[in-house]
Visitor: 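Sharing a structure here in structure tokens format.
Order of appearance sets the numbers: ligands from 1, and atoms from 1 within every ligand.
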Amino acid sequence: PITVVLNRSGKTIEVAPDQSIANAIQQAGVSVDTSCEDGICGTCETRVLDGIPDHRDSVLTKSEQEAGKTMMICVSRCKGGRLVLDI
Ligand code: FES
């Protein structure tokens, strides 16, 4: 599982392998905007404060993906098991 720290909400959640980060956050009672849930619209773009995203979207450019400052939480995951998000 991935551990995701929601920095502004003061919550820490676990994301199961078969669950999106966005869904896990919503299940924890924190609302996040999503639309396509397929990594193509950009609605769920979220600032990454710490950790290394494993990008699986089609929105960010290669250089944006390499910078790792934002991610699409509907499809992307994480390298290293822990992310801190600006949520
Ligand atoms: Fe469309 Fe995440 S909801 S990119």
Side-chain angles (χ1 to χ4, degrees):
I2 303 169
T3 299
V4 178
V5 177
L6 309 179
N7 196 54
R8 277 189 280 129
S9 310
K11 292 190 184 196
T12 300
I13 62 167
E14 299 277 305
V15 183
D18 62 349
Q19 186 181 36
S20 74
I21 292 176
N23 283 345
I25 293 171
Q26 286 162 339
Q27 266 180 21
V30 177
S31 74
V32 288
D33 287 336
T34 61
S35 179
C36 71
E37 301 198 2
D38 204 22
I40 56 174
C41 74
T43 302
C44 68
E45 183 167 0
T46 298
R47 282 213 314 142
V48 178
L49 302 177
D50 196 21
I52 303 168
D54 179 9
H55 297 285
R56 300 187 186 180
D57 64 277
S58 316
V59 177
L60 296 175
T61 64
K62 194 164 184 291
S63 62
E64 286 172 329
Q65 292 195 346
E66 281 167 3
K69 299 292 182 203
T70 69
M71 67 184 291
M72 302 304 149
I73 56 171
C74 65
V75 290
S76 295
R77 303 195 73 81
C78 145
K79 295 176 180 159
R82 183 173 181 275
L83 284 172
V84 181
L85 300 179
D86 185 25
I87 288 179

Visitor: Any link between I2 and V84 through a network of hydrophobic side chains (Ile, Leu, Val, Met, Phe, Trp, Tyr) touching at under 4.5 Å?
Guide: no
Visitor: Using a strict cut-off of 4.0 Å, indicate which atoms of ligand 1 neighbour a heavy atom of G39.
Guide: 4 (S)
Visitor: Does ligand 1 have any atom sitting under 4.0 Å from a heavy atom of I40?
Guide: yes
Visitor: Give the numbers and elements of all ligand 1 atoms closer than 4.0 Å to a heavy atom of S35.
Guide: 3 (S)
Visitor: Which of the atoms of ligand 1 are close to E37, meaning less than 4.0 Å from one of its heavy atoms?
Guide: 1 (Fe), 3 (S)
Visitor: For the metal site, I want the angle between atom SG of C41 and atom SG of C36 with atom 1 (Fe) of ligand 1 at the apex, to 10°.
Guide: 100°
Visitor: Let me confirm one number: the CE-NE2 distance from M71 to H55, rounded to the nearest 0.5 Å.
Guide: 7.0 Å
Visitor: Is there a donor-acceptor contact under 3.5 Å from the side chain of D57 to the main chain of L60?
Guide: yes
Visitor: Could you check D50 against L85 for side-chain contact (heavy atoms from CB on, under 4.5 Å), going step by step and ending with a plain yes or no?
Guide: CA-CA 7 Å; D50 196 21; L85 300 179; over 6 Å; no
Visitor: Supply the atom-to-atom distance D38 CG to M72 CE, rounded to the nearest 0.5 angstrom.
Guide: 12.5 Å
Visitor: I need the SG(C74)-atom 2 (Fe) of ligand 1-SG(C44) angle, rounded to 10 degrees.
Guide: 100°
Visitor: Any idea which protein heavy atom is nearest atom 4 (S) of ligand 1, and the distance to it?
Guide: G42 N, 3.3 Å
Visitor: What's the spacing between E45 CD and T34 OG1 if we round to 0.5 Å?
Guide: 14.5 Å
